[in-house]
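Here the structure comes first, spelled out in structure tokens, and everything after it is commentary.
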Amino acid sequence: MPAIVIVGAQWGDEGKGKATDALGAHVDYVVKFNGGNNAGHTVVVGGEKYALHLLPSGILTPDVVPVIGNGVVIDLKVLFGEIDALTARGIDCSRLLVSANAHLIPGYNRTLDRVTERFLGKRRIGTTGRGIGPTYADKMNRIGLRVQDLLDEHILQQKVEGALDQKNHLLVKVYNRRAISVEETVEDLMSYAERMRPMIADTAKVLVDALDGGRTVLFEAGQATQLDVDHGNYPFVTSSNATSGGACTGSGVPPTRIDTVVAVAKAYATRVGEGPFPTELFDADGERLRRVGGEFGTTTGRPRRCGWYDAPVVRYATRINGLTDLVLTKLDVLTGVEQLPVCVAYDVDGVRQEDIPLTQSDFHHAKPVYEYFDGWTEDLAGIRSFEDLPKNAQRYVLALEEMAGVRISA
Ligand code: IMO
Ligand code: MG
């Protein structure tokens, strides 16, 4: 399995870090290819808990080379904050490679992210406020700042000037904020330049060379299929491609080199931020999933919206990502629920639909059509194989597998 992509099947927080970690020992490179510090992975290694936002989880495995690909947006303060915190706990971060073409999140884009959300009022997206959206917008708009610009202060200065020329108008005239200074922005970014220098690399070449040499490369998506800017429930999405195609554009490794695409899905569903969520629960059942599942954001600490498993959403992930495998997480959270509802289709204004509706407003109106499965009461802690699961848990997993149209692997 030389090139493996791991993506989220639902709305994020499926436990992608755990799945990466499980594969970690057999992997030579772990690549983050999209998003930035809007992500949050909690990884437990040797009894120690680590919350990572920007660094690929491979950083924790000795001998793995962690790579930040061109598709990522980087907040330098967060990057070095994480590096320093890990270093203080004895983890060596010197192997990290960062693409020269990855984009930087300047302070003004963090400001703009928060200000625009406030301005949107009830039409807000519920972003993480980390400057992700404005930075990807700048990239597409060709006024973005890249990692390589840190190697040439003159160019960086010109680019910051160009960007702030536009943005200060917005900040001052539309949002009633004070203008941001070019000098302060450049100074802040340049303060990390010397530390960045040794990590900057042509990561696309490094990765293809590694694959040519028979090494195993793992691509780890941030966010998830339903949060993908093209294939998710736009506009309630993040601003990058979190699906398997993003692994190619976000790293420079071509599609013909990808062998395996694994999605991670929770045995129920959660979502942070705004947007459609047909199986969302507003009752004691939802409260229970949140409490037992510990469903609070790693990045923002927000309580996650919780609901039952949505089969059309995962089936969609199978198709869009070209999944070869599905990993199911947090089955143990469902222990003790007598009857387990699974959304098998939607009722959209009285019409049954098997798939995610074509339009945004139909998805907003979609009501789940549930099928019910008998629950189990046995504690699943310590169970490592499918055969050891209680019979009803086995039935639940097999039904989800059938509905997803892809094999569920442990
Ligand atoms: P991981 O990698 C869950 C959501 C935000 C918001 C929307 C846009 O931990 O699964 P953004 O700040 O990205 O512009 O916000 O996307 N979001 C996530 N939700 N898990 C994540 O990452 C997320 N990253 C962004 O809550 O609704
Ligand atoms: Mg998370």
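Indexing begins at 1, ligand by ligand and atom by atom, following the structure's order.
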Can you see whether [X] engages [Y] through a side-chain donor-acceptor pair at a distance of less than 3.5 angstrom?
X      : Y      : result
Asn34  : Ser240 : yes
Ser385 : Asp388 : yes
Thr300 : Arg302 : yes
Ser57  : Glu220 : yes
His53  : Thr299 : yes
Asn321 : Thr225 : yes
Gln10  : Tyr268 : no
Thr127 : Asp113 : yes
Lys266 : Thr270 : yes
Thr243 : Asn241 : no
Asn38  : Thr238 : yes
Asp228 : Gln223 : no

Checklist outcome for this item: Logged contact type for Phe236 with ligand 1, heavy-atom cut-off 4.0 Å, is neither

Next on the checklist: Below a 4.0 angstrom heavy-atom separation, can you tell me which part of Arg271, side chain or backbone, both or neither, approaches ligand 1?
Outcome noted: neither

Taking N or O atoms only and a 3.5 Å limit, does [X] qualify as a polar contact for ligand 1?
X      : value
Gly40  : yes
Thr238 : yes
Thr127 : no
Glu14  : no
Thr128 : yes
Ala221 : no
Ser239 : no
Asn38  : yes

Suppose we measure from [atom] to each protein heavy atom; which comes out shortest, and what is that distance?
atom                    : result
atom 8 (C) of ligand 1  : Val237 O, 3.4 Å
atom 6 (C) of ligand 1  : Gly126 O, 3.2 Å
atom 27 (O) of ligand 1 : Val272 O, 3.2 Å
atom 18 (C) of ligand 1 : Leu227 CD1, 3.5 Å
atom 23 (C) of ligand 1 : Gln223 CG, 3.6 Å
atom 3 (C) of ligand 1  : Asp13 OD2, 3.2 Å
atom 26 (O) of ligand 1 : Arg302 NH2, 3.0 Å

Next on the checklist: Within the structure, is a non-hydrogen atom of Ala224 found at a distance of less than 4.0 Å from ligand 1?
Outcome noted: no

Item to check | O (Gly40) to the Mg ion (ligand 2) to OD1 (Asp13) angle, given to the nearest 10 degrees | outcome: 150°

Checklist entry - Which of the atoms in ligand 1, numbered in the order shown and given with their element, are less than 4.0 Å from a heavy-atom of Ile125? => result 27 (O)

Checklist entry - Should you measure from each heavy atom of Gly222, which atoms of ligand 1 turn up under 4.0 Å away? => result 2 (O)

Checklist entry - Which class fits the ring pair Phe277 and Trp11: parallel under 30°, tilted 30 to 60°, perpendicular over 60°? => result tilted

Next on the checklist: I'd like to know: is the Mg ion (ligand 2) within the 2.8 Å range of an N/O/S atom from Gly17, strictly under that distance?
Outcome noted: no

